[in-house]
There are 2 protein chains.
Amino acid sequence: MDLSCKSEYALLALLALAANAGRGEPLQIRQIAAEQNIPDRYLEQLLATLRRGGLVRSQRGAKGGYVLAGEPWKITLLEIVNCIEGVETQGADAQREPKSVEGSVIFEVWQEARSASDAVLQGYTLQDLLEKRDARRQLDIMYYI
Amino acid sequence: MDLSCKSEYALLALLALAANAGRGEPLQIRQIAAEQNIPDRYLEQLLATLRRGGLVRSQRGAKGGYVLAGEPWKITLLEIVNCIEGVETQGADAQREPKSVEGSVIFEVWQEARSASDAVLQGYTLQDLLEKRDARRQLDIMYYI
DNA sequence: GTATACCCCGGTTCTCCACTGGACTTTGCG
DNA sequence: CGCAAAGTCCAGTGGAGAACCGGGGTATAC
């Protein structure tokens, strides 16, 4: 599981939504895309996927936009990645039936490695990322002085 | 880090070489390719990469072939994957300079996840895989009865 | 010297990722 | 109502990389 553009864009967008969660107003695609340097037509697809996954809610029409569907401290990075990277990918991985004993042993080890990295991703929520970002900003100010 | 054909083929080939390590005779590409169902011209490239990485040694000419360069219990899966998947991939990952604070925070989390899965891969050697395979074979016999 | 292996380099096909475009629908506001 | 501003759906493109194949060269055992 390497970091793809897709996942990174989705994370950035959700982070922007989480930071905006206090105000009642929804954020629009153009705004998120502009401030995070993401191609807007592409971000649109990702937000649609996140909506179908139930992670964000959308408001159509003028003054519309997107809001986070849940609390920032309840949404883990693993949920986000699983949603954005597609469940059918897991299916394709699972349905490759092992042709040899060696193959299935290798596959088991890889699943273990995958579980390990999934556990890390499950250990972080959007809220955690916001806090890490703020801590990082403080650090940057320290360095600037 | 998902399991690619490349890595799986390389693992299978090295497993065959490890199982053959007792005898002094080298294994030939055709033999490995035939018994593991790997396209031989492709396997040739992978073995060349493994040779340049110092994981196998080759013997040219008639009665030639490949032998493991080291002891099966000293070669970890992480070494193999790093060798076969290319070091320049890590470079490309590392050299993507973060454009925003959010981006670098995300990147750090992903590195942590990567480290976790790398640790799992480092915890297994070729010898371990051979033993897992043998245990699996015993299980299959039990089921057969 | 010849057969048998590895060695090197290049090409081909195919799939997927990142990205773009256009037509449509829904909503707010004058 | 009518228009503009937003999201929604579907369809396509371009480039990159993965998997694979072929041909000619070189070393080695017999």
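Values reported hereafter were calculated over all heavy atoms of this structure, with side chains retained and with hydrogens, waters and symmetry mates removed.
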*Give, for atom CE of A:Met1 and atom CG of A:Leu78, the distance between the pair rounded to the nearest 0.5 Å.*
7.5 Å
*What is the distance, rounded to the nearest whole Å, between atom CD1 of B:Ile29 and atom C1' of C:dC7?*
9 Å
_Rounded interatomic separation in angstrom, taking CD1 from B:Ile84 and P from D:dA18_ = 12 Å
*Within less than 4.0 Å of OP1 or OP2 of C:dC8, is there a side-chain N or O belonging to B:Arg52?*
yes
_Quiz question: going by heavy-atom distance under 3.5 Å, is there a donor-acceptor pair between the base of C:dC8 and the side chain of B:Glu44?_
yes
_Between the side chains of B:Arg136 and A:Glu108, is the shortest nitrogen-to-carboxylate-oxygen separation below 4.0 Å, so that they form an ion pair?_
yes
*asked:* Rounded to whole Å, how long is the line connecting atom OH of B:Tyr9 with atom P of D:dC21?
replied: 9 Å
*State which of D:dT8, D:dC21, D:dT26 makes the closest approach to the side chain of B:Arg41.*
D:dC21
*Which nucleotide, D:dA19, D:dC30, D:dC21, lies nearest any side-chain atom of B:Lys63?*
D:dC30
*asked:* Which nucleotide wins on minimum distance to the side chain of B:Ser58, given the candidates D:dG7, C:dA18, C:dC7?
replied: C:dC7
_Nearest-angstrom distance from the residue atom CG of B:Asp40 to P of C:dA5_ = 12 Å
*Picking from D:dA6, D:dC10, C:dT27, which would you name as closest to the side chain of A:Ala62?*
C:dT27
*Using distance alone, with no hydrogens and no angle criterion, decide if A:Asp118 and A:Ser115 have a side-chain donor and acceptor under 3.5 Å apart.*
no
*asked:* Can you say whether a donor on the side chain of A:Arg60 sits under 3.5 Å from an acceptor on the base of C:dT27, or the other way round?
replied: no
*asked:* Base, sugar-phosphate or nothing for A:Leu47? Non-hydrogen atoms, less than 4.0 Å.
replied: nothing
*Using the closest heavy atom to pick a nucleotide of DNA chain C for each, name whichever of A:Gly61 or A:Ser7 lands nearer the 5' end.*
A:Ser7
_Taking any heavy-atom pair under 4.0 Å as a contact, classify B:Arg51: base, sugar-phosphate, or nothing._
sugar-phosphate
_Tell me whether the side-chain N or O atoms of B:Glu85 pair up with the base of D:dG17 as donor and acceptor below 3.5 Å, since no angle test is needed here._
no
*Length of the CG-P vector between A:Asp2 and D:dA18, whole Å*: 11 Å
_B:Glu112-A:Tyr124 side chain donor-acceptor pair, cut-off 3.5 Å_ = yes
*Using a cut-off of 4.0 Å on non-hydrogen atoms, how would the nucleic acid contact of A:Gln59 be classed: base, sugar-phosphate, or nothing?*
sugar-phosphate
_When you compare the side chains of A:Gln36 and B:Ser100, does any donor N or O come within less than 3.5 Å of an acceptor on the partner?_
no
*Closest to the B:Ser4 side chain: D:dA19, C:dC19, D:dT26?*
D:dA19
*Check the distance between C:dA5's C1' and B:Gln31's CD and give it to me in whole angstrom.*
11 Å
*Between B:Leu43 (CG) and C:dA5 (C1'), how many Å, whole number?*
14 Å
*asked:* I need the OH-C1' distance between B:Tyr66 and C:dA5, as an integer number of Å.
replied: 10 Å
*asked:* Can you tell whether the side chains of B:Glu35 and B:Arg30 come within less than 4.0 Å, N to carboxylate O?
replied: no
